[in-house]
Every structure is written in C-alpha cells, then in structure tokens.
Amino acid sequence: MTGPSRASILVDLDEAARFVPPMWPLSTFVAVNPLWDLRQLGFDGAIEAAGTLYGADLLPPPTPTGDPVPPGRSDPTPDGSRAADRASAAVDDVLTRWCAAFVGGQLGGGDGGGFYAAWRAGIGHDPAARRLAGQRGRAAMAAAPADAVAAIAVALVELGVGDGGRTPAFAARLARTPGWAGLAKWRAQWAPPGTGAPRLTLVDLMAVRLTVEAALHAEGFGDAGTLPPLVRAPGGRDTDRELQRAELTACEDRFRHWLLTALDHPSDDRPAGPPAAQVVFCIDVRSEGMRRHLEAAGPYETLGFAGFFGLPARFRPLGAQGTVDLCPVLVRPTVDLIEVPAGGEEAPAARALGALAARGAAAAAFETGREHPVGSFLLAELTGPVLGAAALARTVAPSWTGRLRSWARQRFTSPGLTEVVPEAGDRGMSLDEQVHYAASALSTMGLVRGFAPLVVLTGHGATSANNPHASALDCGACGGNRGVVSARAAAGIFNRDEVRAALAAQGIVIPPSTWFVAGEHDTVTDRVEVLDRHLVPASHLAGLEALERAIADARVALVAERSADLPGAAGARGPDGVDARAVDWAQVRPEWGLAGNAAIIVGPRRMTAGVTLGRRCFLHSYDAATDPDGTALETILTAPVVVAHWINAQYYFSTVAPELFGAGDKTVHNVVGGIGVVTGTGGDLRIGLPRQSVFDGARSVHEPLRLQVVVEAPVAMVDRTIRRNPVLGDLFDGDWVHLVARDAPGSPWSRRLPGGRWIVWERSNTEEVGAVHA
Amino acid sequence: MPDHPGLMAMTKVEVVVEGTDAPLVEQLVTQAGASGFTAVSNVSGLGHGGYHQGRLQFNDRNALSLLIVVLPSERADDLIAGLRHLFDRRPGVLLVSDVWVSRLDYFTS
C-alpha cells in the first residue's frame with residue numbers, strides 16, 4: 001500500500017474538521033454556531049451528520065423545558081466495540097494531557113516547532129507513553145517521521161486506512177477531542193496573523209494521535225481499524241426525533257405568533273418633538289430592557305447598532321505592549337486606535353504607568369515563586385496570612401472588598417484623563433476613512449437627520465469576578481471585549497468638524513448643537529456610565545445630567561425586572577444586589593447573559609417602542625426609507641444577522657447538548673494555559689457555554705429556538721439581497737433561521753420558506769399562543 | 001509549448017475559492033514548495049453559481065478569494081491533484097496555464 005499524497009491528507013483533514021467547532025481562547029471567547037461549517041447541509045442535515053458522528057441528540061428533548069434529566073451525549077456504543085472504545089479513551093487521556101502540557105509550556109516547543117515536534121522530541125522518555133504502549137510501542141512513536149504530515153501518512157498505512165476512508169477516519173478522531181481540535185481549528189482559520197497562541201495545529205494533533213494509534217496497533221493493542229469506534233448512532237428512535245422536530249417547529253411558531261402580534265401593537269408614546277438625547281445601544285438582547293425603561297423615564301430616543309460602532313479596530317491601551325482586536329470575528333481589523341493622555345494629563349498618566357509596571361513585576365515575581373519547587377513553600381509562608389485574610393474578606397464581604405479594590409485601582413493606577421484616537425500615519429485612519437465609517441454607521445442605523453443635542457454611543461461590558469468565561473458576557477461585536485473603546489473612538493470621530501463637513505456634503509447634516517458622547521452599559525449591574533466627560537461642552541452638561549438621572553431611574557426598574565429571574569436575587573436587594581454579584585468571586589451566574597435570545601428585529605424603533613420583549617430580541621435600527629439601493633440592508637443581513645445567528649446557535653446547542661457543545665459545570669472548571677477550561681483535572685477542553693449560563697439546576701432556562709429574523713423593508717429588496725449572498729441562502733434555505741418581512745407599517749407579514757417562496761403570514765395559521773414569554 | 005528566449009517556462013495555478021477555504025489553499029501552496037503566492041480577497045463576478053458580491057461591509061469571510069501561484073511544473077502536480085481533490089467536495093474554480101518568467105530565482109527559492 002503506497003502512502004497518500006501530502007495534499008490529499010491536508011484536504012481530507014480540513015474536510016473532517018468541518019465537524020469541529022472552532023474554539024476561541026478564553027480571552028476573546030465569542031459565540032459561534034458549532035456546526036457553522038456544516039451549514040450547507042441545512043439544519044436537519046447538519047444535526048443528523050454531527051449527531052451521528054458524536055453520538056448525540058441535537059434536538060431539544062421532547063418536553064422543551066423542565067426536563068428533569070438534562071439532555072446530552074448518548075451512549076450508543078455497541079457491545080462489540082467497547083474494548084476499542086476503552087483503548088480510544090486511553091489514547092484520549094494521554095493526548096489531552098500532552099495538549100495541556102504543550103499549551104502550558106511543559107512539553108517544550110518554545111522554539112516554535114509546534115506540538116508534534118515538541119511531543120516527538122520528548123516521547124522517547126515519556127512514562128505515560130510506555131504505560132500505554134509498552135517499551136517497544138514508545139520506541140516506535142519516537143521513530144516516527146519528523147514531519148507531521150509524513151507521520152500521518154505512515155500511520156494511515158499502518159492502520160490500513162485507504163483513500164476513501166481518510167476523511168471519516170480523521171473526523172472520528174477529531175470528534176474524540178473536539179475541544180483541542182477546536183482550538184487547533186481556530187488557530188488555522190480564525191487567529192489573527194502572527195498570533196502568539198501555542199502552535200497546536202490540526203495536522204500536529206492528528207499526527208500525534210495517529211502515531212500513538214499506529215504504535216498500539218503494531219504492538220497488537222486493539223483491533224485493526226477499530227481505533228476508535230468511528231460512527232455512533234444518536235440515541236432515540238426515528239419516531240422520537242420526528243416528534244422532537246415537530247415540537248421544535250411548534251415552539252418556534254408560537255414564538256413567532258407572540259412576537260408578530262406584539263409588534264402589531266407598539267405603544268409608541270414617546271414625545272412627538274425632538275428627543276432630548278438619542279442613546280445608541282448595542283443590538284445585544286440585553287440592551288432591550290435598558291432601552292425600554294430609559295424611554296419610559298424621559299424624552300429620549302434609543303437606537304440599536306453593532307457595539308463596535310462600525311470601527312474595525314485594533315487597539316493599544318495606554319502603556320500596553322500588546323493590542324486587542326475590537327471587531328466582530330467576521331471582520332479583519334483595518335484601523336489602529338491608541339489611548340493617549342488628554343492634554344495636560346501627562347503626569348498622572350506617567351505615575352499610573354509606573355504603578356502598573358510595578359504591579360506587573362510583582363505579579364511576575366509571585367508567579368515565578370509559586371512555580372519554583374522550593375520557593376513556593378517560602379512564598380506560602382510569607383504571603384499566606386495576608387492572602388488568606390484577603391480571600392476570607394472577598395468571601396464574606398464581597399461588596400466591601402469590591403469597593404476597596406475599585407478605590408485602590410482608581411487611587412494608584414488611574415491614568416487620569418485619556419482619549420482614544422486613531423494611530424498617526426498609515427496605520428490609523430485618514431479623514432476620508434473616518435468619514436466613510438461615520439457615514440456608514442449613521443446610514444445603516446437610519447440616523448441621518450433629526451439629531452438630538454446629545455447622542456450617546458453606548459458600548460457594553462460585563463463586570464464579574466473569578467470568571468474564566470467573562471468575555472462571553474462582553475460585547476461580541478467587539479471580539480469578546482468591552483465596548484467602551486469603540487464608543488469613545490466613534491464619538492471622537494463624530495465630533496470632528498472636518499468629518500461633519502464631509503458628512504454634510506453627503507447630505508448628512510449634524511448640527512453644531514449636537515455633541516456625541518461615549519458611554520458604557522454594564523450588563524451585570526445595569527449601570528450606564530458616561531465617559532470622557534471632560535470632553536463634553538459646558539452647554540451640554542445640564543442635558544447630560546438630566547439624562548443620567550433618567551438612566552438611574554431606568555436602572556432601578558430594569559434591575560427589579562431582571563432580579564425576578566435571577567437565582568439568588570429574589571428579596572429585591574435592587575441595585576446593591578447586582579453590584580454585589582459583579583464582585584463576588586463565588587458567584588457562578590453574574591447575569592443570565594443572552595439566555596432566551598430568539599429573534600432579531602431589523603427596523604425603526606417605532607416597530608418596537610413600548611413593547612416588552614423580555615430581553616429576547618436583538619434590535620438593529622434600520623430605516624428602509626434612507627436605504628433606496630439596499631446597501632445598508634445587505635450589511636445588516638450579512639453581518640449582524642449572521643452574528644446573531646451564531647449567538648443563537650451557541651445557546652441552542654449548549655442547551656440541547658450541554659455535555660458535548662456546552663462547557664459543563666463551572667464549579668469544577670480548571671483553566672489550562674490561560675486558553676480554555678477542563679472539567680476537573682484533565683480531559684478535553686470544554687467548548688460552548690458553561691452549564692450555569694443556560695440551566696438553573698436541571699431546568700433549562702434558555703428556550704432552544706432557531707433565530708427568528710424580522711425585517712421591515714420592501715420584501716422584493718430583502719429577497720434580492722438573499723439571492724446574491726450565498727451565506728444568506730445557506731441560512732434561510734437551510735432552515736437555520738426563520739425570516740418574516742413586511743414592506744411598511746401596516747403591510748401584512750410575509751414569511752420566506754426554504755427555497756425562496758414567500759407566503760403571507762396569517763394569524764389563523766398558527767398554533768395557540770403559549771406562555772413561553774416574559 | 002512556444003519558446004520565449006531568455007524566459008523560463010513555469011506553471012501558473014489560479015484558484016477561486018470561498019474565503020473560508022483560502023487558508024487551506026495557502027497551506028497546499030506552501031506544502032507544494034511554492035516560494036510565494038498572490039491572494040486577492042473579496043473578488044466579485046458571475047459564475048455558474050450566480051453573481052458573487054465583492055467586499056461586504058462588515059463581513060470579510062463570506063466572499064470569494066483568488067489565489068495565484070507560479071511554480072516549477074514538477075512541483076505543480078501534487079498541488080493540482082490536491083486542489084482537484086478539494087473541488088470534489090467544495091465549490092471553486094481551478095485554472096492551470098503555462099507561463100514564462102524572467103526572474104527564475106523568484107519562483108524556485
């Protein structure tokens with residue numbers, strides 16, 4: 001048997017990896033549809049294919065909520081392959097340990113040679129390899145080719161895997177450890193160029209796995225070709241799955257009925273005159289509650305736009321060496337932003353940088369001491385009493401210690417007043433680029449006239465303590481980071497005279513009396529903080545203070561609303577209660593995040609004003625009247641709608657298959673290499689959302705529904721946009737999302753069916769309205 | 001094959017793929033021993049699958065990419081075989097042609 005070509009190995013491995021969800025590192029954890037690369041199969045085809053490979057049921061359980069037995073990976077392993085499964089489990093065990101050691105820096109590989117090279121360099125002396133495969137098996141591993149692709153080719157020959165069997169063989173092996181495979185896939189397909197992430201690639205991962213299996217096979221462990229058991233049937237009978245599909249569709253019909261009925265009766269009692277301020281929030285479902293309560297608290301108008309405010313930015317904080325990408329993962333950053341001291345604030349900035357450097361050095365020394373075999377004991381003796389007392393204080397009085405830490409941070413490391421500006425030169429933004437981004441943002445959200453004296457661009461973030469998945473609660477449109485930087489930069493651009501002059505030439509006239517301000521909504525505490533106050537003209541301060549009072553009222557109302565559903569928040573401790581959650585390091589559920597998300601509404605605010613949507617809807621402002629050629633609509637459908645689908649799908653799969661596509665119980669997580677978490681002491685990296693994000697005990701809090709897209713725009717234009725964008729065809733024709741649209745207020749809703757046929761949505765066609773909503 | 005005195009005969013491979021497949025094609029090109037390639041993202045045009053948009057405002061992923069590589073003919077075979085294998089499963093266009101280059105060292109290092 002001759003070996004396969006290198007190119008065919010790479011192609012087949014990439015094909016097999018379509019079953020693997022890409023996994024972003026914890027620092028930039030963003031939502032993704034774990035089956036995104038199977039989207040061309042359609043929803044039914046993808047869950048069937050993935051369900052078969054993983055041995056999982058990927059439909060909601062027959063009873064949509066309240067199932068006392070959480071769903072998950074089934075155990076359909078036939079008796080005959082149990083021995084092979086045990087052998088595969090043993091390979092899984094050593095492989096995941098080696099992966100963890102590599103990303104933790106304990107396997108070598110510091111020369112940039114990658115996982116396979118580091119593994120091969122040390123495998124000849126690895127006791128785990130000898131325990132697994134014996135002395136000769138370990139020697140065979142060490143004798144594998146130095147090149148990873150060549151090692152795969154050799155192992156495939158040993159295992160008897162021919163041309164037609166390569167892709168399924170690769171897929172089955174990747175499916176044994178989807179977390180580590182997902183990290184490798186992220187690195188290959190999504191990581192920014194020049195990433196410093198450990199060089200663990202799909203080729204390396206497969207080379208190690210197959211080399212181990214080939215050595216085991218050569219030594220007579222396991223049956224030929226049965227390592228691992230490749231294809232597993234999902235649990236349950238076909239009739240059960242038909243029932244589950246029918247129930248899922250019925251739930252989605254009920255939701256659609258409820259939503260469209262609610263939208264028929266908006267109670268738009270906003271003042272007829274110009275608003276005192278326009279407050280732009282992220283499209284995130286958590287903004288819906290704040291928008292509703294703020295509009296009820298005063299003469300304010302709110303809008304929804306992706307929280308990066310249209311700036312695909314790479315940002316360098318003041319004094320930092322590294323940068324962070326602040327844009328959706330679908331977009332490559334093209335502009336560089338930096339933080340600089342405001343005029344006259346250079347001295348406090350310098351002091352703060354000195355304090356931060358000292359703190360960084362102390363932290364580094366502490367870590368070095370902690371890892372030293374002798375120093376760690378000395379360190380414990382020296383610091384134990386202090387750190388122990390601090391830990392006790394954080395445990396028994398989290399609010400007090402949180403305030404103390406906040407004060408200390410402000411006192412010693414605050415850089416004073418700063419600004420976020422484009423980097424000078426080619427790496428920043430030319431005036432033309434600033435005008436382009438400004439015009440694009442305003443026209444996409446339909447804000448091209450009627451500007452209020454104050455326009456607040458409100459990013460969002462989530463404050464939580466001791467939470468490896470913290471970035472999952474931050475702004476996805478900002479790459480899993482807080483949105484404050486994007487808001488500050490965008491406000492600065494909108495306030496530039498030169499930008500406004502160029503916008504006016506395009507017909508977007510921002511009056512001189514309008515001032516843009518940056519803000520941030522903390523979704524754990526529901527505080528909305530106004531930033532860069534020093535930049536606000538005195539003429540606008542009174543209006544700003546009035547707005548802040550209204551925001552404070554809105555906060556109280558929203559916190560009361562949220563607390564009703566938040567475990568442990570009953571008793572109405574109000575704002576103090578959510579403040580405490582944000583700093584409590586024992587809190588496993590700082591907020592519910594985006595649990596419950598089920599729809600995205602694309603249209604003007606009058607569609608939804610006054611309607612209580614229960615924080616279940618992404619809201620993207622859009623005005624078809626200002627978008628005659630459909631450019632803005634295309635932008636919204638191909639980017640925010642895709643991202644909303646990813647979030648929706650992540651919550652769906654984390655709920656229906658929590659053991660496979662969810663991260664499991666947070667209380668037993670351990671962080672590995674700063675990149676991901678494992679359950680307990682080892683095993684695969686956990687993907688998806690922690691169990692506490694979608695479950696309350698055994699009860700599923702997130703209702704797993706496919707995203708309902710609601711658009712107010714000419715239906716013919718919507719249809720044209722879908723037809724010319726294959727990704728939209730995949731989503732809408734593949735039944736990954738549902739779509740309804742109407743030409744104008746009062747027009748009938750039309751529902752697009754897979755294949756492109758539109759039917760008029762009629763209330764009488766739907767099931768009864770279920771009590772599934774807030 | 002016509003003769004062009006002073007120029008060296010090479011093989012040019014042009015590939016149009018979905019943007020998400022571009023990293024794989026780049027990997028195949030590198031594995032084939034090519035010394036470089038040209039990548040053009042967000043290409044637009046009309047094909048048998050209909051019209052494809054160019055750059056989308058906030059989505060760099062769901063557009064087509066064009067990759068062009070010139071390499072010695074003896075190195076092209078494995079690359080072409082790999083690309084044909086890829087296009088058995090994924091959409092894409094493969095164009096192979098003879099070209100002549102003036103600076104051989106640019107393409108064989």
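Residue numbers start from 1 in every chain, and the chains themselves are labelled A, B, ... in the order their sequence lines are given, proteins ahead of strands.
For the set A:Ala306, A:Pro328, A:Ala632, A:Gly310, the count of heavy-atom pairs under 4.5 angstrom toward chain B peaks at A:Gly310. Counting heavy-atom pairs closer than 4.5 Å to chain B, the top-ranked of the candidates A:Arg18, A:Arg723, A:Gln40 is A:Arg18.
When only modelled atom types and interatomic distance are considered, A:Arg332 and B:Ser41 share no side-chain donor-acceptor pair under 3.5 Å.
Looking at A:Thr631, neither its backbone nor its side chain comes within 4.5 Å of chain B, counting heavy atoms on both sides. In this structure, chain B has no heavy atom under 4.5 Å from any part of A:Pro640. Within the 4.5 angstrom heavy-atom criterion, atoms from both the backbone and the side chain of A:Asp14 approach chain B. Using a 4.5 Å cut-off between heavy atoms, B:Arg90 contacts chain A through its side chain alone, with no backbone atom that close.
Between atom CD of residue A:Glu15 and atom CG of residue B:Asp21 there is a gap of 9.0 Å, rounded to the nearest 0.5 Å. Interatomic distance, CD of B:Gln31 versus CG of A:Asp147, reported as 6.5 Å (0.5 Å rounding). Taking OG1 of B:Thr20 as the reference point, atom CG of A:Asp37 lies at 6.5 Å (rounded to 0.5 Å).
For the pair A:Leu330 and B:Phe58, the tightest heavy-atom approach, listed with the atom from each and the gap, is CB-O, 4.0 Å. Shortest non-hydrogen contact noted between B:Leu28 and A:Val11 is CD1-CG2, 3.9 Å. When all heavy atoms are compared, the tightest approach of B:Gly82 to A:Ala7 is CA-CB, 3.5 Å.
The shortest side-chain heavy-atom distance between A:Val203 and B:Gln27 falls under the 4.5 Å cut-off. You'll find the side chain of A:Asp12 reaches within 4.5 Å of the side chain of B:Arg89, heavy atoms only.
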